[in-house]
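Quick notes on the structure that follows.
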Amino acid sequence: MYSISPANPFYTIDSRTGKIRTSGVTLDRESTNSRDMVLMRTIIVSAVDRGRPPLRASVSATVSVNLQDLNDNDPTFLNLPFVAEVLEGLPIGTSFFRVQAVDPDKDENGRVTLALQMGMPRLDFYLNSSTGVLTSMAVLDREQIGLYYLRIIAHDAGEFPRTSTSTLTVSGDF
């Protein structure tokens, strides 16, 4: 007779055959609950001989589960929305802000790329898609444009990419 001991809310076992199945509770590789993470990845199976006389009273084995990653998380901005203040006369090519975004998924599903949303005044700025460093590509003149609202897009490299957007406001004495 098979059983899972201690009880594990993520898995069930057929007491006669020993076949293990998921219980229907969601398995999440990126869970932040350390107890759940142990239970999702480790199943302790006990077997008891019910014969008369039993050949051996009981035995246990540990089953390790390798949870495959599912692209189930959107990228998250760490420092947006934000207002970046820059000084007047900022030379063209000056880096003045670094956008930061993360995705807890694994490998390609968690590799984040950044982009400026199309449209004006995006030509006044360059955003390095991998480092997130924002650089001025024009002399900023507050008499022409007082504030810039830059829509930043973060997307992962999963097969079905997930995206997030946020805003960086560029303001200051320029």
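Sequence positions, counted from 1, serve as the residue numbers for this chain. Because the structure is predicted, anything quoted here is derived from the model rather than measured.
Residue Val170 is tested with Phe97, Phe96, Tyr149 for a side chain to side chain contact (heavy atoms under 4.5 Å, CB included); the sole match is Phe96.
Residues Arg151 and Thr165 bring a donor and an acceptor atom of their side chains to less than 3.5 Å of each other. Side-chain atoms of Asp124 and Tyr148 form a donor-acceptor pair, as typed in the model, at a separation below 3.5 Å. Under the 3.5 Å distance criterion, with hydrogens and angles disregarded, no donor-acceptor pair is assigned to the side chains of Asp28 and Ser31.
Residues Asp69 and Arg29 come closest through the heavy atom pair OD1-NE, 3.3 Å. Here the closest non-hydrogen pair linking Ala84 and Leu168 is CB-CD1, 4.0 Å. Closest non-hydrogen pair, Asn109 versus Asp103, comes out as O-OD2, 3.2 Å. Residues Leu114 and Ala101 share a closest heavy-atom pair of CD2-CB, 4.1 Å.
The shortest side-chain heavy-atom distance between Thr167 and Leu80 does not fall under the 4.5 Å cut-off. Side-chain contact check for Val86 versus Leu140: some heavy-atom pair is nearer than 4.5 Å. Between Val45 and Ser3, every side-chain heavy-atom pair lies at or beyond the 4.5 Å cut-off. For the pair Leu116 and Ile152, the minimum side-chain heavy-atom distance is below 4.5 Å. Contact annotation: the side chain of Leu150 approaches that of Leu134 to within less than 4.5 Å [non-hydrogen atoms, C-beta and beyond]. Between Asp105 and Asp72, some side-chain heavy-atom pair lies under the 4.5 Å cut-off. Thr94 has its side chain out of reach of Thr135: every pair of non-hydrogen atoms, C-beta onward, lies at least 4.5 Å apart. With contacts defined as side-chain heavy-atom distances shorter than 4.5 Å, the pair Val38/Asp36 does not qualify.
A donor-acceptor contact shorter than 3.5 Å links the side chain of Ser23 to the backbone of Pro9. A donor-acceptor pair is defined here as one N or O able to donate and one able to accept, closer than 3.5 Å; no such pair exists between the side chain of Asp156 and the backbone of Val112. Arg41 places no side-chain N or O within 3.5 Å of a backbone atom of Asn66 that could act as its donor or acceptor partner. Of the possible polar contacts, one joining the Asn71 side chain to the Phe160 backbone as a donor-acceptor pair under 3.5 Å is found. For the pair Asn79 (side chain) and Arg98 (backbone), a donor-acceptor distance under 3.5 Å is present. In this structure, Thr42 contributes its side chain and Leu39 its backbone to no donor-acceptor pair below 3.5 Å. Judged by distance alone, with hydrogens and angles left aside, the side-chain atoms of Thr17 form a donor-acceptor pair with the main-chain N or O of Lys19 at under 3.5 Å. At distances below 3.5 Å, at least one donor-acceptor pair connects side-chain atoms of Ser136 with backbone N or O atoms of Pro91. With hydrogens and angles ignored, the 3.5 Å screen pairs no side-chain donor or acceptor of Asp74 with any backbone N or O of Arg162.
Atom CE of Met137 has 12 or fewer heavy atoms from other residues, nucleotides or ligands within 6.0 Å.
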For this session: Walk me through it: do Ser46 and Ser60 pass the test side-chain hydrogen bond (donor to acceptor under 3.5 Å, both in side chains)?
Result: CA-CA 4 Å; Ser46 296; Ser60 294; 3.1 Å; yes
For this session: Any chance you could lay out the side-chain contact (heavy atoms from CB on, under 4.5 Å) test for Asp14 and Tyr2, step after step, and finish with the verdict?
Result: CA-CA 7 Å; Asp14 184 301; Tyr2 298 95; over 6 Å; no
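With ring centers used as reference points, Phe82 lies 6.0 Å or more from Phe77.
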